[in-house]
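Structure first, then comments.
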Amino acid sequence: MQRHAQSRRVKARRHEILARLLWLAGYICITVGVLMSTHTLFPDLLSILRSSGHKPEVLPLRISETGIRSRVSLLSWEQNFVPPHLSRTTKLDVTNSVWNVLAEKLWKPPSDQGFVPCVDPSPSYTGPGKSRGYLMVATNGGLNQMRAGICDMVAVARILNATLVIPELDKRSFWQDSSNFSDVFDVDHFIESLRGDVPIIKMLPEALHYEPKIVKEFQSWSNVKYYEEDIASLWSRYKIIKAAKSDSRLANNNLPPDIQKLRCRVHYKALRFAPHIEAFGKKLVERMRSNGPFIAVHLRYEKDMLAFSGCTYGLNKTEALELTTMRQDTPHWKIKRINAANQRSQGFCPLTPTEVGVFLKALGYPESTHIYVAAGEIYGGQERMAGFFSRFPNIMKKETIASTEELAPFVQHDSQMAALDYIVSVESDVFVPSFSGNMARAVEGHRRFLGHRKTINPDRKSLVALFDKLNVGELEEGPELGELVTQMHKNRQGAPRKRHGPIKGTKGRERLRTEESFYTNPSPECLCMKPGNHNVNAMSIATIEDDTVENVQNWESHLSSDDHLE
């Protein structure tokens, strides 16, 4: 009897071991299938998982301070901060669900290829020389255009051996923002951080108000020689030189390495937002992250951008006429006649809110994904956002994750509101721009500098061709579209690469206009290989990433610098 019972126990144990082995084999097969499904073996499995209930637990959004996990101290723009669950070195636990395999694909940043920030000056770099005069600056454009211009003017002050007077922010542009420099940026930190580079004062001494002064519009995309010869010669007649504009006054390429590194030190370290903006921006990040990883979408579907670019797809006749009239009535927008259909087919238009929703869904993001929309007022309001909301109901913005009282200090100042969006966008787990404007480029560059955080750049020209097929019924949202979109963007994730040079076929100064912005990609001057890393071919290999020059460069190459909006 005892022997019979023992035999039953042995058989039961064998069955249990066999069942576990079968379960493990099945799990491994499914996991391998998911990993390969995008390209080869199991295309239907990814589709099933995209629409299935395998979704991460979503915590309720909490607006109050109580209960929000404090990680503000971990958020830093001067280190490679990646949330622990998204670390490049994290390995999947074999006990996790298949969802985690997909989650890694959707959220994990690209490899940084061993590149880290390197902005310290060279051994031959010295402190500022004797000041020859004062450089005043009138910035122009929106927040990010002014930021880039300020960085350039610090470099120009260094080249000219000038004392920089804290720049004046643009108060006459489309935004009509009354903010001063100290309202938007931490002025004391700015001065102290650059003490070893350029002497900076908050205002021109009263005794100098009547000294000889010249207001000069510096030549766009200029090199060091232009400033050392043409502009420096003005010191013989004037003690004060005022730059009438600040945008695009330095070339992107072929500048001395120490000047390029100085631009990075200004942009990523010295030009910090004012304390009240910095603190509240980090608070918004915490509230978004309390629900898990999130996407920040720079949805550039605003009235001014649509009017500027001549994009009227999906609008009614009244709206199209309103935008055309606005373009005609804005004197500094040089291009008045635009073929809207051709503009869209060439990828020169911002994606519509619905198109962004279709795009993210095709990439495999589940409808439970939390999305932060960094934007002003969307043209067409909630009605135009309906297609986006129907695919991703958890869409947030400043106004939905902060109270009216909290936003009160910012709402009358568009540059400060834009700064909040900038902070959340830089710190998001994934950043997706719907158009390559000044903010999109600045955020992309900042994320590259901080360790190549995941930034998905939509290939608008190719996507429009797919969207047109959807509209006529030749294609449907589902596995086929998902495969096409995923394959199309596998090399547009923000991995290391060298900055693009001029567009082929352009000549003379026109070539300089078509170069990729230094602030979109500060590589190779400000990103270097980690000490001891022997992957010498990393950057050359990484040039495959995003190797197609942004479509918008062709559009912007023939615009005056005055035309820029952000």
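Keep in mind that this is a model prediction, so the values were computed, not measured.
If you take CD1 on Ile259 and SG on Cys264, they are separated by 12.0 Å, rounding to the nearest 0.5 Å. Atom CD1 of Ile150 sits about 9.0 Å away from atom CG of Leu164, to the nearest 0.5 Å. Here CZ of Arg300 is found 4.0 Å from CE of Met305. Values are rounded to the nearest 0.5 Å. With values rounded to the nearest 0.5 angstrom, Leu481 atom CG is found 10.5 Å from Glu476 atom CD. Rounding to the nearest 0.5 angstrom, the gap separating the CG atom in Leu512 from the OG atom in Ser248 is 11.0 Å. Between Cys151 atom SG and Tyr268 atom OH the span is 8.5 Å, to the nearest 0.5 Å.
Between Tyr365 and Trp107, the ring-plane angle classifies as perpendicular under the 30° and 60° cut-offs. Taking the six-membered ring where tryptophan is involved, the planes of Phe410 and Phe280 are essentially parallel, since the angle between them stays under 30° and well short of 60°. Taking the six-membered ring for Trp and thresholds of 30 and 60 degrees, Trp333 and Phe308 have ring planes more than 60 degrees apart, a perpendicular arrangement. Phe449 and His446 have perpendicular rings, their planes meeting at more than 60° on a 0 to 90° scale where under 30° would count as parallel.
Taking the ring centre of Tyr422 as origin, the terminal cationic atom of Arg147 falls inside the region bounded by 6.0 Å and 45° from the ring axis. A cation-pi arrangement, defined by a distance under 6.0 Å to the six-membered ring centre and an angle within 45 degrees of its axis, is present between Arg263 and Phe518.
Shown are Asn339, Thr312, Asp468; of these, the side-chain hydrogen bond (donor to acceptor under 3.5 Å, both in side chains) with Arg344 is made only by Asp468. Of the residues Gln493, Glu444, His489, the one that meets the side chain to side chain contact (heavy atoms under 4.5 Å, CB included) test with Asn457 is Glu444. If you run side chain to side chain contact (heavy atoms under 4.5 Å, CB included) between Glu515 and each of Thr506, Asn252, Ile503, only Asn252 comes through.
Comment: Lys317 does not engage Glu322 in a salt bridge, judged by the lack of any side-chain N to carboxylate O separation of less than 4.0 angstrom. Under 4.0 Å is where a charged nitrogen must lie from a carboxylate oxygen, and between Lys454 and Asp429 no such pair does. Salt-bridge formation is not detected for the pair Glu427/Lys282: no Lys NZ or Arg NE/NH1/NH2 atom is positioned less than 4.0 Å from an Asp or Glu carboxylate oxygen. Ion pairing between a basic and an acidic side chain is recognised when a charged N comes within 4.0 Å of a carboxylate O; Arg249 and Asp247 show such pairing. The pair Lys361-Glu355 fails the salt-bridge criterion, with no side-chain N (NZ, NE, NH1 or NH2) lying under 4.0 Å from an Asp/Glu carboxylate O.
Donor-acceptor pairing under 3.5 Å is recorded for the side chains of Asp177 and Ser415. Side-chain polar atoms of Arg447 and Thr455 form a donor-acceptor pair below 3.5 angstrom. If you check the side chains of Tyr519 and Asn438, you find no donor sitting under 3.5 Å from an acceptor. At a cut-off of 3.5 Å, with distance as the only test, no side-chain donor of Lys498 or Asn521 sits close to an acceptor on the other residue.
The shortest heavy-atom contact between Leu160 and Tyr227 is CD2-O, 3.2 Å. Nearest heavy-atom pair across Pro353 and Arg384 is CB-O, 3.6 Å. Across all non-hydrogen atoms, the minimal contact from Pro109 to His452 is CB-O, 3.9 Å.
With sequence neighbours excluded, no residue forms a salt bridge (charged side-chain N to carboxylate O under 4.0 Å, His left out) with Lys397.
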Checking Val297 against Tyr372 for the side chain to side chain contact (heavy atoms under 4.5 Å, CB included) test, could you report, in this order, the C-alpha distance in whole Å, the side-chain angles of both residues, the deciding distance, and whether it holds? CA-CA 6 Å; Val297 173; Tyr372 180 90; over 6 Å; no
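Aromatic rings of Tyr301 and Phe435 (six-membered ring for Trp) have centroids beyond the 6.0 Å cut-off, not under it.
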